[in-house]
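Whatever order the structure lists them in is the order used to number ligands and atoms, beginning at 1.
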Amino acid sequence: MRKIEELKFDNTYRKLPEEFYHLVKPTPLKNPHLVCFNSDAGSLIDLDPNEAKKPDFIEYFSGNKLIPGSDPLAMYYTGHQFGVYNPDIGDGRAILLGEVRNSVDEKWDIHLKGSGRTRYSRIFDGRAVLRSTIREYLCSEAIHALGIPTTRALCIIGSDEKVERETTETGAMMLRMAETHVRFGSFEAFHYTDRPHYVKLLTDYVIEQNFPALFKEENKYYMLLEEAVNRTAKLIAKWQSVGFTHGVMNTDNMSISGITIDYGPYGFMEEYEPEYTPNHSDHFGRYSFQNQPAIALWNLNKLAQALGSIIPRERAQDALEGFKNIYSQCFVELMSKKLGFKTARAEDVGLIKRLLDIMVTEKVDYTIFFRKLSNLISDNADLNHDAVCMFEDKSGIEDWAASYKRRLRAENSDDIERKRGMNLVNPKYILRNYLAENAIRKAVNEADYSEINLLHKILQDPFSEQSEFEEYAGPSPDWGRNLAISCSS
Ligand code: AMP
Ligand code: MG
């Protein structure tokens, strides 16, 4: 375990040409203080958790002091936002402090969000508010615990600095970590400014740093695109399986390494509703729950176009065509696991579809239903079961449950074993919006950060029964059902 000053930096992005970034230091926050620290994320860079107790920790992660060896820069990228190309973005309020190499030779970007204006800030203030950093901190760690690739969150630093949003709030910084922050939009930036040599340079860089297995391949550019298709398809299938809706799937928020990045107005679907759109400014539901697979493919098309100078169009098309199959296969596998099947059978796709169709009309809580379903007894005709009772109109679900039981018996499913397996993939605890809101209100109104830490702890272990926290597993109370999530952050 290391002290902050002993972290080993290997700042590879900094060695790229200066058109790739803006060298800029964080702008310090006024009266910074520690809000929360995640020792799990710290261990990824060998950071001694006791470091978070030192006053200097706050100085380093509020932009007041530079970590020795760091070499801060804002990354350049552009992107398609809500379908329209925006040539004018980039890290407008985040700064890559540097890349840290750990004792097992993994490299982690350490990226400070809310760190002040950069060349890419346009008319905005370069800041993040405490509310939005808490949302990102909690959700990225919850998504990680669900086994879904994501950026990680190390800490939040709060401050007295006033930041104007719909109301006056206070500024905060969050340190997040990832194997890379290169996005689809990083490639688009050079493609649309007619600099194919930089598209190639960036691609070579990403392959060398993040896809070393492709380095010596003759078709490495094609294989990178294929890998991006593969990872993105699997990522989205995982989101769908737990009801996660990202909310702003612009190409600048799509990671080349296939991880969840940039948590804004996201949401976990509660009642099953394919049109669920957590971002209230997304009036046409472009980024609704059900559209995520199609949008991911649309975004991959934009990535392929940006790589057009190094991958011929027809070849790129081959890679893109893989998306549908990879996505469907992964989704069906995940849903089959949620249903507790041991083997794959031809009828499963129909069974999954029938269940989801009934859930839509009945507005049943997606997470709670699957968790309860694990208790169903497969070899009796009793349909008066917890999970079935969640439906007001029983006709559809009773029919479905009878087919489900037949399906389980056909593979000699053992109820106890099935329940164990189902509870490993159907979370009991998800980050319902009202839970995040409770933690935010306590933090913002009372400077009480205990609820952030408690929620983080519960969500770190989403598949276990934590009997003392039963109330965190229920549906949202009425006040928390339709909370508007501000997309200003
Ligand atoms: P996002 O929707 O958070 O992914 O942001 C899209 C773009 O807007 C990125 O280039 C951000 O850096 C930039 N941006 C968002 N909020 C701010 C802000 N408060 N100050 C400067 N840039 C911002
Ligand atoms: Mg973004």
Asp204 and Lys220 ion-paired at < 4.0 Å = yes
For the pair Lys428 and Asp461, find out whether any cationic side-chain nitrogen is under 4.0 Å from an anionic carboxylate oxygen.
-> no
Fit a plane to each ring of Tyr192 and His80, take the angle between them on a 0 to 90° scale, and name the class: parallel (under 30°), tilted (30 to 60°) or perpendicular (over 60°).
-> perpendicular
Who's the nearest protein heavy-atom neighbour of [atom], and how far?
atom: atom 9 (C) of ligand 1; answer: Gly90 O, 3.5 Å
atom: atom 5 (O) of ligand 1; answer: Asp252 OD2, 4.8 Å
atom: atom 19 (N) of ligand 1; answer: Asp125 OD1, 2.9 Å
atom: atom 18 (C) of ligand 1; answer: Phe124 CB, 3.4 Å
atom: atom 4 (O) of ligand 1; answer: Asn253 OD1, 3.0 Å
atom: atom 20 (N) of ligand 1; answer: Gly126 N, 2.7 Å
atom: atom 21 (C) of ligand 1; answer: Gly92 O, 3.1 Å

Pair Tyr77 and Tyr120, ring centroids less than 6.0 Å apart = no
Are [X] and ligand 1 in contact, using a heavy-atom cut-off of under 4.0 Å?
X: Gln81; result: yes
X: Arg165; result: yes
X: Val248; result: no

Who pairs with Glu19 by side-chain hydrogen bond (donor to acceptor under 3.5 Å, both in side chains), at least two apart in sequence or on another chain?
-> Tyr198
Going by distance alone, is a donor N or O of one side chain under 3.5 Å from an acceptor N or O of the other, for [X] and [Y]?
X: Glu188; Y: Thr78; result: no
X: Arg135; Y: Asn433; result: yes
X: Asn250; Y: Tyr287; result: yes

Arg127 heavy atoms within 4.0 Å reach ligand 1 at atoms 19 (N)
Per-atom contacts of ligand 1 with Asp262, taking only distances under 4.0 Å to non-hydrogen atoms | 4 (O)
Side-chain touch Gln209/Tyr13, heavy atoms, less than 4.5 angstrom = no
Residue among Phe244, Tyr434, Tyr263 satisfying ring pair (Phe, Tyr, Trp, His ring centres under 6.0 Å) with Phe268 | Phe244
Trace of the side-chain hydrogen bond (donor to acceptor under 3.5 Å, both in side chains) decision for Thr260 with Trp239 | CA-CA 9 Å; Thr260 316; Trp239 287 359; 3.1 Å; yes
In the protein, N/O/S atoms that are found under 2.8 Å from the Mg ion (ligand 2), waters not counted = Asn253 OD1, Asp262 OD2
Just go through Met75, Arg93, Arg122 and tell me whose heavy atom is the nearest to atom 16 (N) of ligand 1.
-> Arg93
Within 45° of the ring axis of Phe190 and under 6.0 Å from its six-membered ring centre, is that where the NZ or CZ of Arg195 lies?
-> no
